Asker: 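I have a structure here, written as structure tokens, and I will follow up with some questions on it.
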Amino acid sequence: MEISQTLQTLDELLHRCKLAEAEQFLRDAVAQAQASGDTDTEKTLRNEQMGFYRDCGRFPEMLETAASARALFENASETETIPYATTLLNCANAYRAAGQYDAAFSAYDTVQHLYEKLLPPDDDRVAGFWNNLALLYQETEQWNESCRCLETALTLVRSKPNNEVRVAISSTNLAVSLLQLFQTERALELLREADRILAGCAPSDFHYSATLAGFGDAYWQKKEYQKAADSYEQALSEIELHMGQNNFYEIVLDKLRRTYAAMRKSRPKLSGLELCRRYYLAFGAPMLEREFPELLPKLAIGLAGEGSECLGYDDANSRDHDFGAGFCIWVPDDIPAESVQKLRNAYATLPRSYYGVTRQETPEADGRVGVCRIRAFFQRLLGTDGVPETESQWLSIPNGMLAAACSGAVFRDDAGTFTAYRRRLALGYPEEVRLRLLAQAAGRMAQCGQYNYSRMRSRGDLATAQLYLAEFCRNAMLAWHLLRRKYAPYEKWLLRSTAELEGGAWLAEEIRQLLLPSAETSGSAHITAICSRMGKEIAAMTSKEPSEYLGDMARELAAEGSGIGNTPCHRGTSGTAGI
């Protein structure tokens, strides 16, 4: 067995947070080493397996593995070696995690004896020993002893170049002990140093979760409860990403609940857009600033497109699919494909959960978050590379897709390219297109509501009458959006969007009254009221006399918006409001 390749594969699985696959891979590798009598490989794998179970909080399996690892050395009388000392250190950590403190102290004593005998005093493994012994002192609440060990470890790791991650680990551990001695400001200094080293790495280092939890504890002591809650939330995301919901996760979650209780509120139910904005600030921004500093000024970051959260209409029922923390990175065409792939790889390493919400995606929602070319974003929604240029292009795009392209929010766009496209779209339809669409909507209202609805009722065909009524209502809402120079969203949110438009509350209420009564109740009065109001709005816009029958007004609008073809559109100057 090629151990280096085996460990590389294991690391890849862990970096991708494939915990179940990593466990099975380790089991299979250990079995293969045993079958071939390769004890040296089995020793290495047992150490990896022990750490895996410890990080996942699987203590029975961890202790069983520790016993097997020790036996490999002790049965072969190899107890005066560095590999045995390292294995025993891992066993000591396992005993500590399982609460077997006497066994842990005994194992650490043996490790210290062996390291003093076999290693130079400035060896990195010596610093690791002091770090781990300090954690045992933390577990047994011997805080001064813990600080003594960690000061020693921190001095050792600072003395070596290219040792930043070890510095971050020791700084975080020391901060945790100092907080127990209420040395809050010194602890915060150390945590900030660790944060500078670990924040934004892609993939993140699993030690970063301890740094974030440490920030939470420090802010708690300073009674800065909102900062504490935010830090605990970030820590939970990192813990779950790397180790699942283990015992450390439960400890931090309990601290989070205590923090919200101190603020006399519960964990907030954030809107989808706000959840994504906070997620970007917590994880996306540090990653992009650290890993892609030269590329970042060319990118646009935010959330837009399909999805109720982009319109601000998400609710409890929206969380059953395609909901959760995420954001879009829109990339211009001049960025090389290799750089785009690196962006995608980095995005894929970010936590999947935030604020207790795990994103569950369906195949239909593929591409709604993540890395996307600017051109591809507009092509997917509109079928054009950006803003449509001809009347026929405008008319071929469903209004819901135009609304989606203008929805959501842009969190950052230094170059302004993506934002410029959206601002042009948000101006609304070109005037000749708007008039043509308004004519069509008014014509359908007349045909369905003012003519066929009452005729079908008089014939006793109530079912068909209801079909015409629904079509009348849909076109009435489309017409009102056109009058207000807004793109209508897809049907699920059309009524809500209508109610939010200027003067639209009356129309939404009339439509509710039309659609909610039983099929035997006539809605003619509501239809008359809606058509009368709509006629006055259209007349005011066109400076023409209103007509009681919208079909007449539809023909006049169609005449003004005639000449539809592939000629470039000319926008009117009135009304610049968009979505």
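For clarity, every value in this text was computed on a predicted model and none was experimentally measured.
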Asker: In chain order, what residues pass the side chain to side chain donor-acceptor pair (under 3.5 Å) check against Gln142, with sequence neighbours excluded?
Answerer: Thr140
Asker: With a 4.5 Å cut-off on side-chain heavy atoms, are Leu89 and Asn132 touching?
Answerer: yes
Asker: For Glu238 and Ser204, test the side chains for any donor-to-acceptor distance below 3.5 angstrom and give the result as yes or no.
Answerer: yes
Asker: Answer yes or no: is there a donor N or O on one side and an acceptor on the other, between the side chain of Asn75 and the main chain of Ala71, under 3.5 Å?
Answerer: yes
Asker: Mind checking ring pair (Phe, Tyr, Trp, His ring centres under 6.0 Å) for Tyr115 and listing every partner two or more places apart, or none if nothing turns up?
Answerer: none
Asker: With sequence neighbours excluded, what pairs up with Asp55 under the side chain to side chain donor-acceptor pair (under 3.5 Å) test?
Answerer: none
Asker: Name each donor-acceptor pair under 3.5 Å that joins a side chain in residues 323-343 to protein atoms two or more places apart or in another chain, with its distance.
Answerer:
from: Asp333; atom 1: OD2; to: Arg375; atom 2: NE; distance (Å): 2.6
from: Asp333; atom 1: OD2; to: Arg375; atom 2: NH2; distance (Å): 2.7
from: Gln341; atom 1: NE2; to: Asn345; atom 2: OD1; distance (Å): 3.0

Asker: Arg54: which residues meet the side chain to side chain donor-acceptor pair (under 3.5 Å) condition with it, sequence neighbours left out?
Answerer: none
Asker: Assess the side chains of Glu74 and Thr79: does a donor N or O sit below 3.5 Å from an acceptor N or O?
Answerer: no
Asker: Check for me whether the distance between the ring centres of Tyr260 and Tyr225 falls short of 6.0 Å.
Answerer: no
Asker: Run the ring pair (Phe, Tyr, Trp, His ring centres under 6.0 Å) test against Phe378 and tell me which residues pass, sequence neighbours left out.
Answerer: Phe418, Tyr421
Asker: Which pairs with one or both residues in residues 280-303 pass side chain to side chain donor-acceptor pair (under 3.5 Å), sequence neighbours excluded?
Answerer: none
Asker: Looking at Phe215, I'd like to know if the NZ or CZ of Lys227 sits under 6.0 Å from its six-membered ring centre while staying within 45 degrees of the ring's axis.
Answerer: no
Asker: For Arg58, give me all partners under salt bridge (charged side-chain N to carboxylate O under 4.0 Å, His left out), at least two apart in sequence or on another chain.
Answerer: Glu23, Glu61
Asker: Who are the ring pair (Phe, Tyr, Trp, His ring centres under 6.0 Å) partners of Tyr101, not counting sequence neighbours?
Answerer: none
Asker: Who passes salt bridge (charged side-chain N to carboxylate O under 4.0 Å, His left out) against Arg258, sequence neighbours left out?
Answerer: none
Asker: State which residues pass ring pair (Phe, Tyr, Trp, His ring centres under 6.0 Å) with Tyr249; sequence neighbours excluded, sorted by chain then number.
Answerer: none
Asker: Could I get the full list of side chain to side chain donor-acceptor pair (under 3.5 Å) partners for Arg158, not counting sequence neighbours?
Answerer: Glu193
